[in-house]
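Report on one structure; see the data block that follows.
Residue numbers begin at 1 in each chain, while the letters A, B, ... track the order of the sequences.
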Protein chains: 2
Amino acid sequence: MTSLRQKIEQALSELSEAERRIGEYVLGNSEAVPHMTTKELSKKAAVSEATIIRFCKSIGIGSYKSFKLALMKDLTLTDTSLTDFSVLNKKDSPYDLFHKVIQVNKSAIESCADSLDRKELTKAVDAIRDARKIVFFGVGGSSTAAVDAQYKFTKLGYHSITSLDFHHMLSVIPHLTEKDVFVAISTSGKTKDVLELTRFAQRKGATVIAITTLSKSPLYKEADIHLCTPNVEQDFRIGSLASRMTQLTVIDTLYLSIFHHIGENVLQQYYDARGEMERLRR
Amino acid sequence: MTSLRQKIEQALSELSEAERRIGEYVLGNSEAVPHMTTKELSKKAAVSEATIIRFCKSIGIGSYKSFKLALMKDLTLTDTSLTDFSVLNKKDSPYDLFHKVIQVNKSAIESCADSLDRKELTKAVDAIRDARKIVFFGVGGSSTAAVDAQYKFTKLGYHSITSLDFHHMLSVIPHLTEKDVFVAISTSGKTKDVLELTRFAQRKGATVIAITTLSKSPLYKEADIHLCTPNVEQDFRIGSLASRMTQLTVIDTLYLSIFHHIGENVLQQYYDARGEMERLRR
DNA sequence: TAAAATATGAATTTTAATTTCATAAAGAAT
DNA sequence: ATTCTTTATGAAATTAAAATTCATATTTTA
């Protein structure tokens, strides 16, 4: 059985110029097309709406609506993925961008599976499980993951700390010991603030877990445990939206793993928190 | 997240009479529905067309067209790809959990496409573009998205504010005017703190954008603009990891859209920031 | 080089999706 | 019990999307 996209590909050479443009656009942006109208697609492919309809018939599908359904089915069966925003262009509407964001984020999360090492993950979970304090630190885009992690581990009953403020962190770290864990979050692994705090924490004896991309970066080299995120494409102007998704995926994994381990013991506290929340109608 | 059909099945008891008839028809004839128009389906289910549209929203999908696409996808997925945490079991290793996290997060992001309404998105982008100040607020798990958004829009040159502290926010809101935008983030749409600040902001004349699930929640009703996130499964003990991913996907979309709009104008500031960062070797 | 065939888009028509509004029924408040 | 709200619903109107028609441009063929 040939998929719809294969069919389009094969038909490409036999289509007229305008119809071929449609085919090419569809192949290049298949994720977005099922949500498009004929008018939108006609603009994108620089053809008329009439030609869209003709295109559908050319590839053997009776109507544009059926075409979209067939394409959706095709996509569900075999997932392709766009991985960067390089294809953004001037006339993209917010809705177009939305679909690109979905794709990029999805594929970023998917590729987490490739970069994370299972042994390192096990080490990280063990370290965090027995930790007395957990300190998270990330700057810029990576602060999101730090804030998120801090919240989650507090919920689990840990003494969990983060701050966006370097100086605040400077006053936290002297109190760390071998019993504590410092989680450094930096996509590049080169961020100076993160590195300095990492080294400081390490001098105090804390176990350092790095959430960073697999590379020869100083952070990677110096950390005790490496939770690697994939090297997702990053637009030099936009910055990386997707790397934050990968960091959060790692955080989620740590959270769930710890929950799973100590879960039964914190359930009472969870119910307490929830009950009180209900009582206060918050 | 459960499949669309499961979701309908679960929702059945809570739907109104007419909507339930639709749900039952859809479950009994799911193969046929993706090819039906609202008029046809309304006849089959013995309801009005308007009720069809309302049914889609009731089960958390933004439009009839999205509903049909989602249903088609659901039908195509024969394998019940485990997408929720209900299948967690005792002997899951951290690495097993990791793969489940990937699954869940991926599918959450994917289903964003079903719930977000393109017109609302356009309205939101327009509102934010012309905003003088943007205030983000979310509590608990939703604070992550607020913090992230605040950072991103500051980068774009906006006067962008957030705080985890309700009292701090209370002192921010009196200064809002019609020129400002208040973005309320709450999965359930029922969080009291968020609602109170939302109403306060609205009284001051600010445009309220809600990032929340499509539901009959107070936040949904009261907001001026709704950016709906999908109703992702949420384990009552673990809390929802995935809903944060959907909120961030919406934030990313807003950020990219605004960047796209005013992008060229902020590039110089981006370079300045980057240059200075290099100079300071941070 | 003229006639026929083909390809294309603008404009129109048809159809479908969505919204609005009026009404009826059910609940809550007095 | 009765008024006021809220909720549910469909009929009608509106808006948006898909499909068709038709005029024109281009290419091919005789």
Side-chain angles (χ1 to χ4, degrees), chain A residues 11-26 32-72 93-96, chain B residues 11-26 32-72 114-123 214-218 220-222 224-226 228:
Chain A
L12 229 42
S13 58
E14 288 156 29
L15 293 174
S16 73
E17 202 184 306
E19 290 185 20
R20 186 161 52 246
R21 277 206 300 281
I22 300 169
E24 276 158 3
Y25 183 87
V26 170
V33 174
H35 297 276
M36 288 182 163
T37 66
T38 48
K39 190 185 269 176
E40 283 175 301
L41 181 53
S42 72
K43 267 196 174 174
K44 298 287 178 182
V47 299
S48 70
E49 291 183 62
T51 306
I52 304 281
I53 308 291
R54 281 190 291 262
F55 166 81
C56 296
K57 314 231 158 154
S58 294
I59 58 165
I61 291 183
S63 74
Y64 179 62
K65 279 196 284 178
S66 299
F67 170 72
K68 288 199 292 187
L69 285 174
L71 184 56
M72 178 53 109
S93 72
Y95 202 62
D96 295 331
Chain B
L12 275 184
S13 59
E14 287 155 29
L15 293 175
S16 73
E17 204 184 305
E19 290 185 18
R20 185 161 51 248
R21 277 206 300 281
I22 300 170
E24 275 157 5
Y25 184 85
V26 170
V33 174
H35 299 279
M36 289 182 162
T37 66
T38 47
K39 190 184 269 177
E40 284 174 303
L41 182 53
S42 72
K43 268 194 172 176
K44 299 280 184 183
V47 298
S48 70
E49 290 182 64
T51 305
I52 304 281
I53 307 291
R54 282 189 292 259
F55 167 80
C56 296
K57 312 230 157 157
S58 293
I59 58 165
I61 291 184
S63 73
Y64 180 62
K65 280 193 284 176
S66 296
F67 170 73
K68 288 198 293 187
L69 286 175
L71 184 57
M72 178 55 110
D114 302 332
S115 54
L116 192 89
D117 185 276
R118 83 194 306 154
K119 275 189 236 155
E120 297 288 307
L121 175 61
T122 309
K123 281 201 266 176
L214 179 45
S215 67
K216 287 173 185 164
S217 69
Y220 181 86
K221 277 188 212 141
E222 296 174 26
D224 301 308
I225 302 173
H226 319 91
C228 294

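- You'll find that the side chain of B/Thr37 is closest to C/dA17, out of D/dT9, C/dA7, C/dA17.
- Between B/Ser16 and D/dA8, a side-chain N or O to OP1/OP2 separation shorter than 4.0 Å is absent.
- In this structure, B/Ser63 reaches the sugar-phosphate backbone alone: every heavy-atom distance under 4.0 Å involves primed, P, OP1 or OP2 atoms, never a base.
- Straight-line distance from the NZ atom of B/Lys39 to the P atom of D/dA13: 14 Å, rounded to whole Å.
- Listed pair A/Thr51 / C/dG9 meets the phosphate criterion, a side-chain N or O lying under 4.0 Å from OP1 or OP2.
- Of all heavy-atom pairs spanning B/Cys228 and B/Ser115, the tightest one is O-OG, 3.0 Å.
- Looking only at side-chain heavy atoms (C-beta outward), A/Val26 and A/Met36 stay at 4.5 Å or farther from each other.
- The environment of NZ in B/Lys123 is crowded: more than 12 heavy-atom neighbours from other residues, nucleotides or ligands sit within 6.0 Å.
- We find that CD of A/Glu19 is positioned 13 Å from C1' of C/dG9, with the value rounded to whole Å.
- Comparing B/Val47 and B/Lys65 by the nucleotide of DNA chain D whose heavy atom lies nearest to each, the residue mapping closer to the 5' end is B/Val47.
- The interatomic distance linking A/Lys68 (NZ) with D/dA19 (C1') rounds to 13 Å, in whole Å.
- Contact annotation: the side chain of A/Asp96 approaches that of A/Lys44 to within less than 4.5 Å [non-hydrogen atoms, C-beta and beyond].
- Residues B/Phe67 and B/Ile61 approach most closely at N-CG2, 3.5 Å, considering heavy atoms.
- Distance CZ (A/Arg20) to P (C/dA7): 11 Å, rounded to an integer number of Å.
- C/dT8 atom C1' lies 19 Å from atom NZ of A/Lys43, rounded to whole Å.
- Looking at heavy atoms from C-beta onward, B/Glu19 lies out of side-chain contact with B/Glu14 at the 4.5 angstrom threshold.
- Taking the side chain of B/Glu17 as heavy atoms from C-beta on, and the options D/dT9, C/dT8, C/dA17, the nearest nucleotide is D/dT9.
- For the pair A/Met36 CE and D/dA17 C1', the computed distance is 15 Å after rounding to whole Å.
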### Query
Quick one: what's the B/S/- string for nucleotides 19-26 of chain C, heavy-atom cutoff under 4.0 Å, read 5' to 3'?
B-------

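- A heavy-atom distance below 4.5 Å is not found between the side chains of A/Val47 and A/Phe55.
- Separating the CG atom of B/Leu41 from the P atom of D/dG10 is a distance of 12 Å, rounded to the nearest angstrom.
- Distance A/Phe67 CZ to D/dA17 P: 17 Å, rounded to the nearest Å.
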